[in-house]
Amino acid sequence: MTNDTDNAPLEELRDKIFLIGFMGVGKTYWGKIWARQLDLDFYDLDEIIETAQGRSIASIFEKEGEAYFRNLETAALQNFGEKKNYLVACGGGVACFNDNIHWMNKNGTSVYLSASPQLILNRVLKEKIKRPLISKLNETELLVYIEQKLTEREPFYKQAKHRLTADRVDMYSLSKL
Ligand code: S3P
């Protein structure tokens, strides 16, 4: 048996894009460019949560813990069920908890922006203070953490409908899928 979403035309699902991938791969940067290029509304899931909560992700993690944050991001993601014409840059963990990758694939089009551990390391080193999972790690520990987490998360990321490689994308990459 099929449901309404299974029968939705492909063009409709392409109007609902979830950009996923590890911290630092450029989801927000490219998401904004691709949304503009495809005439979609751009959203950043972390930003939605911070605005709704009136505090930073780091503070939510610190005061309430990770499980609480994961529930907030799942609720924020699934709010997109009713919306159309958007591209959402998802926080690095969203696709890997609460069966969210299946929800994304049922309700829209997921795109995995992938990168090597070394590229991720270079990108996040400067901004790690904003990211509670890595803020206390030194460079060596950080590379080990990235390699381990990436191995753990890739089985989820790889369930995305499309994959793009972060150091080989340009403003037209999404429209060419
Ligand atoms: C997280 C990634 C972050 C943010 C939070 C947790 C993760 O988003 O949601 O710090 O679990 O990978 P970015 O991928 O936008 O940095």
Side-chain angles (χ1 to χ4, degrees), residues 17-35 40-80 86-104 108-139 141-160 162-167 169 173-174:
I17 297 176
F18 302 102
L19 196 53
I20 66 170
F22 209 81
M23 293 175 253
V25 295
K27 292 166 297 204
T28 302
Y29 176 82
W30 285 111
K32 282 183 185 164
I33 292 173
W34 292 333
L40 301 171
D41 298 327
F42 174 78
Y43 296 92
D44 180 297
L45 210 63
D46 283 341
E47 209 177 288
I48 291 176
I49 295 166
E50 288 184 328
T51 306
Q53 291 281 310
R55 51 189 170 155
S56 67
I57 303 282
S59 143
I60 301 170
F61 259 77
E62 195 196 318
K63 300 222 167 63
E64 325 285 351
E66 181 171 353
Y68 183 89
F69 173 73
R70 296 302 170 198
N71 289 336
L72 285 182
E73 64 179 1
T74 297
L77 171 73
Q78 300 197 359
N79 260 337
F80 282 89
Y86 60 77
L87 182 153
V88 191
C90 297
V94 187
C96 315
F97 289 86
N98 299 332
D99 219 15
N100 286 336
I101 186 65
H102 290 124
W103 189 91
M104 292 178 199
T109 304
S110 55
V111 179
Y112 172 31
L113 189 56
S114 71
S116 67
Q118 193 60 52
L119 188 100
I120 294 171
L121 177 71
N122 296 340
R123 296 259 185 91
V124 296
L125 261 180
K126 285 163 256 153
E127 303 188 328
K128 59 180 185 148
I129 204 70
K130 288 196 298 196
R131 295 179 166 106
L133 293 172
I134 59 171
S135 56
K136 297 191 175 71
L137 306 179
N138 67 34
E139 187 169 340
E141 292 164 338
L142 189 51
L143 184 59
V144 173
Y145 176 87
I146 292 167
E147 285 168 344
Q148 284 173 351
K149 265 283 183 254
L150 203 52
T151 305
E152 192 183 304
R153 288 183 171 184
E154 276 222 301
F156 295 95
Y157 294 153
K158 283 181 170 169
Q159 292 177 55
H162 302 279
R163 178 175 181 159
L164 293 170
T165 306
D167 54 356
V169 286
S173 300
L174 204 64

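Note that this is a predicted model, so its numbers are computed, not measured. We count ligands from 1, going down the list as the structure has it; atoms in each ligand are counted the same way.
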- [ ] Mind checking the NZ-CD1 spacing from K149 to I120? Nearest 0.5 Å is all I need.
- [x] 13.0 Å
Open item on the list: Check R55 with E64, please: is the shortest side-chain N to carboxylate O separation under 4.0 Å?
Closed with: yes
TODO: Kindly tell me which protein residues have any non-hydrogen atom under 4.0 angstrom away from an atom of ligand 1, grouped by chain and ordered by number?
DONE: M23, K27, D46, I57, F69, R70, G91, G92, G93, R131, P132, L133, R153
Task: Counterpart residues, ring-ring contact (aromatic ring centres under 6.0 Å, His included), relative to F22 (two or more places apart) - done: none
Open item on the list: Does any part of the side chain of I48, heavy atoms only, come nearer than 4.5 Å to the side chain of N79, both counted from C-beta?
Closed with: no
Open item on the list: Counting C-beta onward and ignoring hydrogens, is there a side-chain heavy-atom pair between K130 and I57 closer than 4.5 Å?
Closed with: no
Task: Y43 ring center within less than 6.0 Å of F18 ring center - done: no
